[in-house]
Protein chains: 2
Amino acid sequence: MAATLKDVALAAGVSIKTVSNVINDYEHIRADTKQRVMDAIADLGYSPNLSARSLRSGRTGVIGLAVPELSLSYFAELADSTIKAAERRGLKVLIEQTGGDRSRELEILSSPRLQMTDGLLFSPLGMSNEDADHLNVNFPLVLLGERIFGGPTDHVTMSNVDSARAATEHLISRGRRRIAVVGGHEGEVIGSAGLRLRGYRQALDAAGIPFDPDLVAYTTLWHRANGATSMRELLASGVGFDALFGMNDTLALGAMRVLQEAGLRIPDDVAVIGFDDLDEGRYSLPTLSTIDPGRDEIADTAVRVLQERISGRVGGVPPREFEARFQVIERESSALARSH
Amino acid sequence: MAATLKDVALAAGVSIKTVSNVINDYEHIRADTKQRVMDAIADLGYSPNLSARSLRSGRTGVIGLAVPELSLSYFAELADSTIKAAERRGLKVLIEQTGGDRSRELEILSSPRLQMTDGLLFSPLGMSNEDADHLNVNFPLVLLGERIFGGPTDHVTMSNVDSARAATEHLISRGRRRIAVVGGHEGEVIGSAGLRLRGYRQALDAAGIPFDPDLVAYTTLWHRANGATSMRELLASGVGFDALFGMNDTLALGAMRVLQEAGLRIPDDVAVIGFDDLDEGRYSLPTLSTIDPGRDEIADTAVRVLQERISGRVGGVPPREFEARFQVIERESSALARSH
DNA sequence: CGCCTATCCTACAACGTTGTAGAATCACCA
DNA sequence: TGGTGATTCTACAACGTTGTAGGATAGGCG
């Protein structure tokens, strides 16, 4: 059906290797030979068989991206950035959804199913630091996210502690002292929740505000529903607060919804800041202050680093850690209150 | 480095073909031979080289999904559903972003870059019905979306006209007669915007409500920003309305935001319904009534149909058209007003 | 006992590409 | 004139898998 090197070679009256050389821009080819080959390629509508090329070269030009779920906006936007970054480097992206499930994550690390890729960008959610050993795999792997630190692979992450601290400081600078949190993970030390909580506490400490555990609402997932539920619990508990730090925008939006149902004004009664800079927060009512975690930079760095590892250019280099730059984005939900 | 059939064969003391047969569940293998081979496979940590398998079999087990952008929630959720549907059928998904750009879309149809896939699920945005010829490609292709009808390929679509009609009828059933629309595409006949507008007009006609062109706001993109801008224009124009049909949820949410800024109550002053059933609409304030377009059904059908074409089981069958079932989902934004 | 079929296994070729080795031609210089 | 090196091209093998053809053994039947 499809034309092969052989067909082109026959049509152009040269050997298949010469056709191959033309395709791969080999230097020493006579101009007229090259032209004849190119014409034959065009005539026959030839395009290389990538499976054969992969088999021969050991490279597929495809990288894997394993994320919990694309229906979580953060990961959809991360996938978007990653695909664009990969494209700039001539790579395709094959997406794998783990559902944030630890056993599925481990399976992906050991499974032969991703043999079709040259390497993997891996954003675990269910795994924890004790699982770091499982990252010792025999294919190029770059770790994303905040579940595991000090593992055996390159790691690209956001500045969770610093940016959460900046978010909290932003609320404090608005005169708030009772700052509630939604999205905590009970007992977690590292992981997005643990790290962001640490940044939160650093900011409180620096401002001389005592930490009140009752202000922290714990939840397993970070969906809108969890933000809403947590906020209902906080309100029901009767603990007073004048600000809210949502561990991500989705949680914050779910919580805002409940706050407003309860008749509280934002930011007058409760100032709110989220985390992730989702497009959604630009059009919520009120618009949502947030942390821009540097998603494009993360994706670009991750793809670059993975490509370095694939090419073997950085063979002996020990695991590296990269932190993206963040930014506090102030919108209406934490604007200076009009009157006080 | 990695073990091959040859290594396993050597270790198990059989021919490579026997190992291959074990892997492919060939019937006639003695139990003890099979066991020995399986042990050797486990020992060596063997896993098949998929490039070689693809080269030999002509199948990669990967399908392409070309969508405008994953940062648009609808396509993120579609990708999610598609990946899950593909997984149920043992397929992987390689995602391509077109940005909704016609020339990029055409390029993807002719490019050799997707040779690594067995077929393509294609959701164009920039192409129009005149481009239908370009869908005549020599690889399995299933068309998604509403840009092209009657093309040369299988087509999976939502019931745009009927569901938009149902959405409009829903607003009419709430006693509304001046129903604004955001998201129209000037002069478009087919395409999501054209079809949904047709459904809208059908509902008006059936109810004996005259069509007022001033109630339709046109926009190129369907982002939040466009919904907001369109709503500002509608309000500035002074045209009166008591309901809003957003061509998708994102537009509707952007528009709601502006309505509320303007001091209008939803649904009391303006009842709103969107389209797509994004998770976001469940936690907006107010929650957003919408159309569930049957995304899972679309993804599942599309993958099934593509697989049928890939396998050649339906060789001679002419292009088929599939319409997913939809559902009106009523939430607060179009609830019966409390008092009137 | 001889024939036939079913079972179990093997050797070989092929998928389409690229790396290696080397042949053929030419230009240049001593 | 012959040697040297650059240029241009070719033949062959190999990547790891599966399809084809067929060999060897065992069991059933006349």
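Computed from a predicted model, the values in this text were never measured in an experiment. Lettering of chains follows the sequences in order, A, B, ..., and the numbering in each one begins at 1.
- A donor-acceptor pair shorter than 3.5 Å can be found between the side chains of Thr18(A) and Ser15(A).
- Annotation: salt bridge (Lys or Arg N to Asp or Glu O under 4.0 Å) contacts of Arg59(B) (sequence neighbours excluded): none.
- Residues from residues 24-43 of chain A placing a heavy atom under 4.0 Å of any atom in DNA chain D, listed by number, are Tyr26(A), His28(A), Ile29(A), Arg30(A), Thr33(A).
- Of the side-chain N and O atoms in Ser20(B), one or more sit less than 4.0 angstrom from OP1 or OP2 of dT18(D).
- In this structure, Val14(A) and Asn21(B) both approach DNA chain D, and ranking their closest nucleotides by distance from the 5' end singles out Val14(A).
- Interatomic distance, Met116(A) CE to Ser51(A) OG, rounded to the nearest 0.5 Å: 6.0 Å.
- The nearest whole Å value for the distance from the CG atom in Leu5(B) to the C1' atom in dT10(C) is 14 Å.
- Taking atom CG of Leu10(B) as the reference point, atom C1' of dT10(C) lies 15 Å away to the nearest angstrom.
- The salt bridge (Lys or Arg N to Asp or Glu O under 4.0 Å) test applied to Lys84(A) returns Asp80(A), Glu69(B), not counting sequence neighbours.
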Can you name the atoms? Protein N/O to nucleotides 25-27 of chain D N/O, anything below 3.5 Å, with the distance.
none

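- Remark on the helix from dC1(C)-dG30(D) to dA30(C)-dT1(D): inter-end axis angle 60°, axes from five-pair C1' superpositions, rounded to 10°.
- For Arg295(B), the salt bridge (Lys or Arg N to Asp or Glu O under 4.0 Å) criterion is met by Glu77(B), not counting sequence neighbours.
- Note: CZ (Arg53(A)) to C1' (dG16(D)) measures 18 Å, nearest angstrom.
- Atom P of nucleotide dT17(D) and atom NZ of Lys17(B) are separated by 12 Å, given to the nearest angstrom.
- A search for ring pair (Phe, Tyr, Trp, His ring centres under 6.0 Å) contacts involving Tyr26(A) returns His28(A), not counting sequence neighbours.
- Under the rule for a side chain to side chain contact (heavy atoms under 4.5 Å, CB included), the partners of Thr157(B) that lie at least two apart in sequence or sit in another chain are Glu146(B), Phe149(B), His155(B), Asn160(B), Glu321(B), Glu323(B).
- In this structure, Asp39(A) has no salt bridge (Lys or Arg N to Asp or Glu O under 4.0 Å) partners at least two apart in sequence or on a different chain.
- The main-chain N or O of Gly61(B) is found under 3.5 Å from a side-chain atom of Asp118(B) such that the two form a donor-acceptor pair.
- Between the side chain of Asn24(B) and the backbone N or O of Asn21(B) there is no donor-acceptor pair closer than 3.5 Å.
- Considering only residues two or more places apart in sequence or on other chains, Ser73(A) meets the side chain to side chain donor-acceptor pair (under 3.5 Å) condition with none of them.
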Detail all sub-3.5 Å separations between protein N/O atoms and N/O atoms belonging to nucleotides 13-15 of chain C.
from	atom 1	to	atom 2	distance (Å)
dA14(C)	N3	Arg56(B)	NH1	3.0

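- For the pair Thr18(B) and dT10(C), the criterion of a side-chain N or O lying under 4.0 Å from OP1 or OP2 is met.
- One interatomic measurement links the two molecules: CG of Leu50(A) to P of dG16(C), which rounds to 13 Å at whole-angstrom precision.
- Using modelled atom types, no side-chain atom of Arg147(A) and backbone atom of Ile190(A) make a donor-acceptor pair closer than 3.5 Å.
- For the side chain to side chain contact (heavy atoms under 4.5 Å, CB included) test, residues two or more places apart in sequence or in another chain that qualify with Thr98(B) are Ala66(B), Pro68(B), Glu105(B), Ile108(B).
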